[in-house]
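Throughout, numbering of the chain's residues begins at 1 and tracks the sequence.
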Amino acid sequence: MGMWMSAVLLVPLLPLLTTLVVVAGSEGAVRNRLKFGVWPIGAAFGGAIATLYVVATQGPISIRFYDPTLAALVPVPLGFYVDRLSAVMMVLISAIGTIIYAYSIDYMHQEPHERRYFALLGVTVSVLLCMVSSANLMMLFLFWQMLSFLLYLLIHNHTHAATLNSAFRTFTLLRTGDVAFLAGTALAYALYGTLEFPELFSAAVQSTAMITLFPGVEFSGATAVTLLLLVGAMSKSAQFPFHIWLPRYLYAPTPVTALLHAGIINAGGFLINRLAPLFGSSPTTLHAAFFIGTLTAVLGASMMLAQNDIKNMLGFSTIGQMGYMVMECGLGAFALAVFHLIAHGLFKATVFLNSGNVIAKARLEPHFPHAEQESVEEGYSRLTWATGFVTTLLIPLLILLLTHGALHIPLLEAQGTVIFLFFIWITSSQAILTLTRLRAVASWKVSAAMLLTLLFVVFVYLFAVESFTAFLYPHPEDVASYFKAAELPSRLFDMMIGAATLMTIVGWCYVYIKAHGRSLPMPAWIDGIRIRLYVLFLNRLYVDECVHRLGQAQLAAIRRFDEPAQGRTP
């Protein structure tokens, strides 16, 4: 085990070797050094895979450079605690880091300060790896802070006024969440006397401490700590209303935004999962996370549909997906949130890098993308639409109603089971509806693809439910307790499922009607509301303007208070 401990220590440090390779030497051979710099990050990826195997077979790896019992005497308690969650995140981060670095070698060629960019890329991957493998909450907070500074530097083009302003706004807004994170860390130490993860979770379970906010208003210690930490997670993962920094950050080079959307923004979801035993002991915090995540998912997806810029559209898509991730945590489905985090990270890294190809080609070819010639489109096949109806509506709806409503299956985590079934339905419906656009393919092939898509999505989610949940959280009683803590009132839960079901059915019918060139008779006032909503979402709910005016009002107030003080100065 000692050999593997040394190997684990090397995994977060290997990307720093990339930084040294890039920075060292003269300008003459910089291209060769940049190409060689991908190998240390690739080696970290190989080491992360080996670490995942060792942790899965032999248990967590703990490396501490201090005595936890004397942690108060150590200025910076550095150490590593790698369990299955940390190992999975290390594999994801190192894999995405390797892909983005290799892509950047050609994409950033002849860009000013490309050496600084690649050096910072190595540092960022190293900081991410150290953060997810931190041994205690204080070390996690320190690397969390370093990520905020790196986001400011990685925006790259500091000579462009709008870019520099965006970097400053991002850095400033993230400070709000970081202050809440620091307050939660300090409160956790004051209540439980430790910041070491295993000991912290044990102390939180046994503690009966209460926090009095106002006379007559009390919170449990776990609720107070987790609410503060939730604010920290909200800021880094762009939850409403902290989401405004993410669209502004799209001035950064496309590979940087790919790393941000595929790795850095997942920090909030990782934090909640890292502290799952602590969050699982506070139903209030879980319900708050569910509400915030749901609101962010709806608003992010709505704003995405109104954007006309490729990177803005992807940025708001990420906001919506991060809302789904936090919502899943709020429902107690922590393993599903991690599964979603991994799938989204790989997907969004690929999509952003591909958007970089589109942007680069558009700069070289003024007429790209080329206008396609109009052609007569074939009508939709009845077989295709019948298959789509059965696979997206009838079969999932029957399963959902029979499981939750008609049969009343007495499962321990009944709401948790319905949540997984519902996500299977939504995901498969989204995938299957896209197949209805394949008009040039024989209808029976499209129908077969729909059925295979349904089977694939069901298989993937069943894997997430059974295998992945058992892998990340091997104790079934812990998983059951998380679902129990997140359980909503039955009537509210049924109303939410019913409303979401109705919206899905109406949406499917709307797509069907529009595809057949038909329209529904709508009163004029509904069209007026639709136009106003479109303008509202196109302008990002005007949250940016509200925050800007609030900042101006604060500056004006500070100046008014400061002027009398200056007048009294002798």
Side-chain angles (χ1 to χ4, degrees), residues 81 85 131-132 134 136-141 144 174 176-214 217-242 266-296 322-323 325-338 341 416 472-473 478-488:
Y81 178 76
L85 174 62
M131 186 189 73
V132 299
S134 298
N136 54 72
L137 193 55
M138 177 55 70
M139 180 178 169
L140 195 157
F141 173 74
W144 184 280
L174 291 180
T176 305
D178 293 346
V179 169
F181 192 160
L182 179 60
T185 302
L187 182 60
Y189 187 80
L191 292 175
Y192 309 125
T194 181
L195 296 177
E196 304 296 313
F197 289 127
E199 292 80 2
L200 175 64
F201 301 149
S202 300
V205 170
Q206 299 172 3
S207 175
T208 57
M210 300 295 292
I211 303 295
T212 302
L213 186 61
F214 300 109
V217 179
E218 288 187 335
F219 291 110
S220 68
T223 298
V225 170
T226 51
L227 282 175
L228 290 170
L229 296 175
L230 177 62
V231 175
M234 287 170 57
S235 67
K236 196 75 82 182
S237 286
Q239 299 297 292
F240 185 86
F242 295 99
N266 291 328
F270 168 77
L271 175 65
I272 297 175
N273 274 273
R274 173 79 290 171
L275 302 174
L278 195 59
F279 277 81
S281 60
S282 173
T284 301
T285 304
L286 291 179
H287 294 159
F290 170 71
F291 173 77
I292 293 166
T294 304
L295 182 64
T296 303
M322 291 302 101
M325 181 185 65
V326 173
M327 177 180 68
E328 289 158 356
C329 292
L331 291 169
F334 291 104
L336 179 60
V338 177
L341 182 153
L472 285 182
Y473 300 99
D478 292 341
V479 177
S481 68
Y482 299 152
F483 279 118
K484 187 67 177 177
E487 196 171 65
L488 298 170

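No donor-acceptor pair closer than 3.5 Å links the side chain of Ser282 to the backbone N or O of Leu278. No donor-acceptor distance shorter than 3.5 angstrom exists from the side chain of Thr226 to the backbone of Phe279, with no hydrogens or angles considered. Under the 3.5 Å distance criterion, the side-chain polar atoms of Thr194 are matched with a main-chain donor or acceptor of Glu196. Under a 3.5 Å cut-off, the side chain of Ser237 and the backbone N or O of Met234 do not form any donor-acceptor pair. With Lys236 contributing its side chain and Trp144 its backbone, the two residues share a donor-acceptor pair below 3.5 Å. A distance-only check finds a donor-acceptor pair linking the side chain of Asn136 to the backbone of Met139 [under 3.5 Å].
The nearest pair of heavy atoms linking Met138 to Leu195 is CB-CD1, 3.8 Å. Here the closest non-hydrogen pair linking Ala267 and Met131 is CB-CE, 3.8 Å. Taking all atoms of both residues into account, the shortest heavy-atom contact from Leu228 to Ala183 is CD1-C, 3.8 Å. Taking each heavy atom of Thr296 and Ala238 in turn, the nearest pair found is CG2-O, 3.9 Å. Val225 approaches Gly184 most closely through the heavy-atom pair CG1-O, 3.8 Å. Across all their heavy atoms, Gly280 and Leu286 have their closest contact at CA-CD1, 4.2 Å.
The shortest side-chain heavy-atom distance between Ser235 and Phe181 does not fall under the 4.5 Å cut-off. Leu295 places none of its side-chain heavy atoms less than 4.5 Å from the side chain of Met327. Between Leu137 and Phe197 the shortest side-chain heavy-atom distance falls below 4.5 Å. Ile292 has its side chain within reach of Leu230: a pair of non-hydrogen atoms, C-beta onward, lies under 4.5 Å apart. In this structure, Phe201 and Leu275 have side chains that are in contact, with non-hydrogen atoms separated by less than 4.5 Å. Looking only at side-chain heavy atoms (C-beta outward), Cys329 and Asn273 come within less than 4.5 Å of each other.
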Evaluate side-chain contact (heavy atoms from CB on, under 4.5 Å) for Val338 paired with Leu472, printing each intermediate quantity in order.
CA-CA 9 Å; Val338 177; Leu472 285 182; 3.7 Å; yes

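Residue Ser481 holds its OG atom at 10.5 Å from OH of Tyr473, rounded to the nearest 0.5 Å. Residue Leu187 holds its CG atom at 11.0 Å from CG of Leu182, rounded to the nearest 0.5 Å. Note that NE2 of His287 and OG1 of Thr284 are 7.5 Å apart. Values are rounded to the nearest 0.5 Å.
The aromatic rings of Tyr482 and Phe334 sit perpendicular, their planes meeting at an angle over 60°, well past the 30° parallel limit.
Not counting sequence neighbours, the partners of Val132 by the side chain to side chain contact (heavy atoms under 4.5 Å, CB included) test are Met89, Met90, Ile93, Phe270.
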